[in-house]
Structure formats: structure tokens, C-alpha cells
Amino acid sequence: MASIISNKRQICLLMALLMVMAGCSSSSKLSKLRKSGPSTPQLSIRPKANCIPEKMGKAQLEFQVIVPQDMLDEKWQLRLHPEISVAGERITLESAVITGAGYRKTQLKDYQQNDRYLSKIVEDGNHLIRVKQLNYFLKRNIPQVYESGAPIDGSEDFMSAFGVSQQQAVKHYTKKHAASKNQEMIRKQSLLSDKLMKSPIADSGICLDTVIINTKGDFIFNYIQSVPLKSEYTKLEVSVSGDIYEQDRKVHQISSSEPVEFNISTLSSFADDTERYTTQVIERKVVQEENAGIVFADGRFDINPGMGNNMDEISKIMGIIGKLANSPAYELDSMTVRATLSPEGPYSRNHNIAQRQSESVASFFRRYLKELGDSIKTAGRNDGFFLEFIPVRPDCIPENWQDLELAVASDKGMDDLDKKMFEKICQDPDMDSRERKLTKAPFYRHLKEELYPRLNMVKFNFHIHRRGMVNDTEQITLPDTIYMHGVQALKNMDYPAALKLLRPYTDVNAAIAYAGMDMLPNALTILESIEKNAKVNYLLAILYARKGDEKKAVDNYLKACSQEKFYVYRGKLEPEILQLINKYGLKDN
Amino acid sequence: MKAKILTCASLLLVCLIFSGRLSAGNIRYGLSTNVLEWANLGTVNLEAGFGVSQNLSIQAGALYNPWNFSIKGTDHQMFNHQTSAFAGVRWWPWYVFSGWWFGAKAKYSYTARTGIWRPALEDRQSVGIGLSIGYSLMLSPRVNLEFGAGLWGGTHFKYNLYDCTNCMILRESGAKGFIGIDTLSISLMYVF
């Protein structure tokens, strides 16, 4: 017995000693890390390749992170934060977490504690009610609950003969103490979870979460991350810093590693900036249309500027006339004033009204043109002389069925059935008969209140010609803005937008847009069909290399180098070409 | 004899009262019988309750035991004759015929017993009031299992104690007051 006790004592002593040693081991590592000097353990990065190609606006960073042995301990968790420094910006990449086995064990214990707590919370409310007794009570005293077929959720409240409701019964048969205790547990759940799980296991925002069991030797892992690029990103500097956690507290901050540089090779850098032009045929004569919602008083045909919105509408037309009168590019030949009305009333009456309205408006603007001409003459210009002689022709559409049909077709207030009925009515050649039928339709009120007012307007057609143009048509050359927008999108590495704009063109920029979208066959077809200068040959080399056709890639690269020596050096910055140079021993000469 | 007629009449009255209420819809009334009284030498017992409000019911009932039993090996008899009738109210904190209840009643009882504890014959007529408490557990929409206990006190206005049924020597006589256990019940109730 004594020997057993003695053995037990020895085991406890040994365990205590081991724990102290473990503690000593991690604290000695910490003190070593905290010392600053050349022998202080540091994180380091080893890139897979210093040149990385851009594809579809992104670059795939690939490097190894070397974590020295002194930063590893089974009681620690390392949180590594890689960072990119580029064009004055700092971009944080996804973190990597390296957890010691002991640290993870503690985390899992915390999770188990939390789960035990959560398991005590009753999710199903029925477990907090004496369901059998409640059902018997309801069937005995409030049988309507079951007879009606309504859900037993209190949404319909039936009563017993003594005025006790279903909800009161549910409340009575609820285990009040258990329910309030459950509520308290739910209320405290998040607080307690934070307390119990001091260091939760991350499940998002990280690219690696590994548990190490053997802390002997350096830990090396591959870090791969796709990074979206901008046009100004030609070089990226990558470094990694970190923190060491023991239990739930940070015990050491790891200083940043030496930065490693990555060169980005982008196809968009080969975009051709040369301006493109397009030819357009223009006509001497142009007609400009404008509508004005000029309203007239009942029974009157003279324009009243103070009525409704007339002042604004008239000012709008005057503004157009004024611009045309002063325009160096255009000259006003004539105007047509066309008054239109809705189909309400007999056609003959509408014709009379529309005619007189258009004559009134035409007369108004003839006077305006004369006044404008006089004011221009007063200013010393000769061109004002012609303004008073510009013909202003009145015209009318007594019942504007055409615009009404268009308005109905796009109207959201009428359903398909109404629109079909309207179409059928409009097939009647007699307009008055049409209108009579419409008044009986169920949607007539909507037509009258919403659509008819839009038809009462005056349409203005300005017949103008281009100044200085003799022929009826002429060809002019303009910068192709669509193409230039496409090239800009290409430079911004917005390949989808660039392809959309450049697709109609078969030149190097279109080929680059296709290549940027990884549509290699389309890109190669274009490049093979155009003149093969050094740039084109070089692009062909890159694309054939990506496609896997090394022979054609090498041939095209050599052609590009023979055309321009620049590509001999450029090729070394291109990962695909560099690979070919190394594989086939391509020399600089 | 008079007592027997009284008892039968009250039982009939109870049945008549409740038979007229058969179509009362959700208004509750119930009939119960105490199993423990049946075990008490076969005492026939019936209690009727009528809910007048959510928390109040009127109770009335009767007990009757005319049976004689012979004791083996002797020429003595054993019986616990009883004719009792009571009426009272119950207060239900939650709802009539569900859960806890507290009762109060007035009771008349004629009892003649011998051979149970002693050979002496005890013969008495009593009136009194009682208080009781119990719990009614619903076993189904129609059936309850009730547990109850009650005390009562009053006066034995006629009391005689004889040495035995054979000799009928009067040992004690006269009125006296009392207080004691009225009932211990495990009852089955049917609720209409």
C-alpha cells in the first residue's frame, strides 16, 4: 500500500515537473522572440516566381511562408497577415492561422462547454407546455378550437362558456418556471458564448487554418491568392506580419518580414493607343421636331401665355428658334405648326378647332420671328433680315389616333384584354363611330383622364439646312469614340467592357480584349490575320505559350526579337516566355 | 328507514337536476365515485358537481352502506353501515373540474359500525361542516382522476355505544361534539 502511494506521489510530481518545463519552454521561446537582433527568429517569404502574368484582370500570387521553429509551440496560435504594398496602397490579404495542438484542444473544450450550455436551451416551445393537459382542457371546454379547423396558434381566439380564451389556457398550462429559466438562458446565450469561447475557431476570412502537432523544425506552407489588378499596378511588394496568441490573449506581435517584389506582366500594356476615325454621311437638310403642350381656353383659339404651362412651352419653342437663328452651323428654312387634339367630340368640330388653333400659333410665331429679326438687325447683323420671311405653315391633326394607339400600347394602366378591345374598336374606319364605341368601353375613363390630355398639343417641325453645304449629302470623318472607350477599358483591365466595345474591330486591341477574357482561339485568329509586326509576333508567342503550343510560341518569339531587340529583354519579364527561354536555352543573341 | 328514504330521494334529485342539463353545451357538470369508499366495506357513493362559473362548482352527494359481513371462526358480524348526504361548494383556482380545488360542505350522516376495530357497536347520527382540498387530474377530455382529503366537525346529536351486538349492553350514550377526518378520496369523475 505504501509503495502504491509512493508511486502515485512520484507520478504527480513528474506531471507537475513536465508542466513547469512546458511553461518554461514557451516562455523561453517568447523571450527569444522579444529580443531584437540578427539572431531573432523572423518570418520569411519565398516566391514561386517573381514575374506573374495577369489574366482576366487578376494576378495569382504564389509564395511560400517560412515560419521558424521558435515561433511554434503547441500552446500557441500564430495568426499571419500577408500584405501587399502597391502604388502607395496597402492591401491586406487573407490571413493564415497555425494552431498548436494544445491550443486547439483548449478551443475544442470551450466549444464543448458552449454546446453543453446550448443543449440545455429548449428550442421547441411545446416542451415548455403541458401539452396533454392543455389538449384535454381545450377539447373539454373550448371544443371549437378543434371543430373549426383553425390553427392552434392563438391566431383565432375561441372562448369557453365561462369566458376563458384559448390563449389563457395556453398560458396556464405553460411551465412558467421552466419557460422563464429558458428565456433567461437564451438571453444570456451570446454573452456566455463569448465568455466560454474566448478564442473561437475562425471559419471565414482566412485561407489556412492548420493544427500542428510536431513543433520541431520550421513550418513552411504555400500561400496562393488571386489579386484583382488596376492599370497602375506593375509591381507588388508582399510582406507578412503576425501575432502569437496563448489561450485568448496576444503574447507577442511578430514584426513584418522583408518584402518580396513581384512584377506583373499585363497584356493590356500592349494596347494600341492610335486614334481611329469613322466616316459619317450627313444630309444638307434636317428636320428638328419639338412638341409643346400649349392649352387653349374653351371656345378660344388665341394663345394665352398666362394659362396653364403655356409660358414655359412657348419659351421652349422660342429658345429653339433663337438657337437656330444664332447657330453658325444651321439655318432655319421654314416651320410647320401642327395642332393635334384628342378624339373627343365629332370629327368635324375637332377639325375646325385644330385648324384655328394651328393658325393662331403660326401667327404668333410669325410675329415672334419678325421681332427676333428686328432685334438681330438692331444688333448689327445682316442675317436677321431673313427671319421675318421664314414661312410658318399651319397644319392640324383633328383627332390624333396614331399617338393614342402608341400611348395605349405602352400604357401600364390597361391590361391586355383592354388593349385588344381598343385595337378592335380602332379598326372601324369611321372615327366618330370609333369614339362612340370607346365611350362604352370599361377603360374609357382611364383613356379620358390619363391619355387624352397628352394628345392636345402643338407639334413644331423646324426645317433647317446646314450652313455652307451645297450638296444634298456629304461624308465627314469623326473620331471613333466607341473604339477609344474600348481601348480605355482595355487599359483599365476591364476586359468584359473592352470586348463589348472592341468586338466589331479586327485589330490588335480586339485580340488583347479576347485574350484578357481567356478566349485564346478568337485572339489568335485576329492576330494571325493582321500584319505581323514585332508586337503582334510577341503577343502570338505569349498566347501560343498559354495554349501549350510551345513550337509556335518559340517561333513567334524569335521573329519578334529579330524585328525589335526590345523583346529580347521584355521576354524575360514574361513568365510564359521566360519558361520557354529556360527550357529551350534561347540566348540573348 | 327514514334515512334510507332521504338518501334515495337526494340521489334521485341529483340525477333529475343534472339530467335536465344534458344539453347545456360547454357548461360542465360531473359525476364521481370514491374508490377508497368502495374499498371501505363496499360503501356505495356518488357525488355530483355542477360548474356555475369558471371557479365555482356546487357539489352534492351521498354514501350508503347496508352490508353485513361475518367474521370467520366466530359468530360475530362486521359492518360499517352508513347513510350520509352532503352538499357544498368547491372553489377551483383555475377552472372547474381542472387542477386544484378547495371545498366546503354541510353533511348529515347516520353510522352504525361494529367488528372493525372492536366488537363494540357504535351507533350515531351526526351533522356538521367540513373543509377539503384536492387535485383533479384530467385523464381524457371526459375523465378525471381526483385526489382529495377533508376534515369535518360538528355534533353527534344521537350517540350510542354498546358493548357488542349480541349483548347490546349500553356503555355510553348522549350527544357530543367531534372533529375528525371526513374523507380521503381517490375518485374517478366523468365530466359531461
Side-chain angles (χ1 to χ4, degrees), chain A residues 119-188, chain B residues 17-33 47-60 88-103 133-148 186-192:
Chain A
S119 66
K120 289 180 191 163
I121 294 176
V122 176
E123 301 276 346
D124 182 2
N126 281 344
H127 289 125
L128 296 172
I129 297 176
R130 289 181 289 148
V131 176
K132 255 193 187 162
Q133 290 293 299
L134 173 64
N135 278 339
Y136 293 152
F137 180 85
L138 291 175
K139 282 179 181 170
R140 179 187 293 182
N141 298 298
I142 319 176
Q144 311 93 293
V145 167
Y146 296 94
E147 285 158 12
S148 71
I152 310 173
D153 59 359
S155 54
E156 263 206 74
D157 213 12
F158 297 100
M159 304 282 228
S160 74
F162 296 128
V164 167
S165 69
Q166 180 190 334
Q167 282 185 13
Q168 285 172 300
V170 169
K171 200 175 164 186
H172 176 80
Y173 287 103
T174 302
K175 298 171 195 167
K176 290 170 189 61
H177 177 69
S180 87
K181 195 176 163 195
N182 200 52
Q183 274 302 110
E184 187 65 20
M185 285 184 78
I186 291 171
R187 198 179 59 78
K188 283 187 179 163
Chain B
I17 287 169
F18 291 114
S19 64
R21 311 292 300 186
L22 274 170
S23 58
N26 288 347
I27 298 177
R28 297 265 76 90
Y29 48 97
L31 283 176
S32 65
T33 187
E47 182 173 350
F50 173 58
V52 295
S53 75
Q54 179 186 345
N55 304 110
L56 200 66
S57 66
I58 296 173
Q59 308 286 130
V89 293
R90 272 189 192 175
W91 181 67
W92 304 77
W94 160 232
Y95 202 92
V96 286
F97 307 125
S98 306
W100 290 99
W101 52 264
F102 302 91
I133 182 172
Y135 184 85
S136 209
L137 176 70
M138 290 180 283
L139 297 181
S140 80
R142 292 280 185 200
V143 176
N144 282 8
L145 181 66
E146 277 201 349
F147 303 90
I186 298 175
S187 303
L188 279 171
M189 176 189 274
Y190 190 87
V191 181
F192 294 88

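Here is how names work: the chains are called A, B, and so on, in the same order as the sequence lines, proteins then strands, and each is numbered from 1.
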Inset, instruction - Write out all pairs satisfying side chain to side chain donor-acceptor pair (under 3.5 Å) with one or both partners inside residues 120-131 of chain A, taking only residues at least two apart or from two chains. - result: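 Checked against side chain to side chain donor-acceptor pair (under 3.5 Å) - neighbours excluded - no pair reaches residues 120-131 of chain A.
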
Legend entry - Inter- and intrachain pairs under salt bridge (Lys or Arg N to Asp or Glu O under 4.0 Å), touching residues 89-100 of chain B, at least two apart: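 Applying salt bridge (Lys or Arg N to Asp or Glu O under 4.0 Å) to every pair that reaches into residues 89-100 of chain B, excluding sequence neighbours, yields B:E47-B:R90, B:R90-B:E146.
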
Do you know the tightest heavy-atom contact between [X] and [Y]?
{"X": "A:R140", "Y": "B:P141", "result": "NE-O, 2.8 Å"}
{"X": "B:Y95", "Y": "A:N141", "result": "CE2-OD1, 3.2 Å"}
{"X": "B:S98", "Y": "A:F137", "result": "OG-CD1, 3.7 Å"}

Inset, instruction - Determine whether more than 12 heavy atoms belonging to other residues, nucleotides or ligands lie under 6.0 Å from atom NZ of A:K188. - result: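 No.
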
Inset, instruction - May I ask you to check whether over 12 heavy atoms, not counting those of A:K171, lie within 6.0 Å of atom NZ? - result: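 Count not over threshold, so no.
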
Inset, instruction - Determine, step by step, whether B:W94 and A:V164 satisfy the side-chain contact (heavy atoms from CB on, under 4.5 Å) criterion, reporting the C-alpha distance in whole Å, the side-chain angles of both residues, the deciding distance to 0.1 Å, and the verdict. - result: CA-CA 10 Å; B:W94 160 232; A:V164 167; 3.7 Å; yes

Inset, instruction - Under 4.5 Å, counting heavy-atom pairs only, tell me which of A:K132, A:H172, A:K139 racks up the most with chain B. - result: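 Result: the option with the highest number of such pairs is A:H172.
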
Inset, instruction - Determine the option with the most heavy-atom pairs under 4.5 angstrom with chain A, choosing from B:V96, B:L139, B:L137. - result: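 When all of B:V96, B:L139, B:L137 are compared, B:L139 has the most.
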
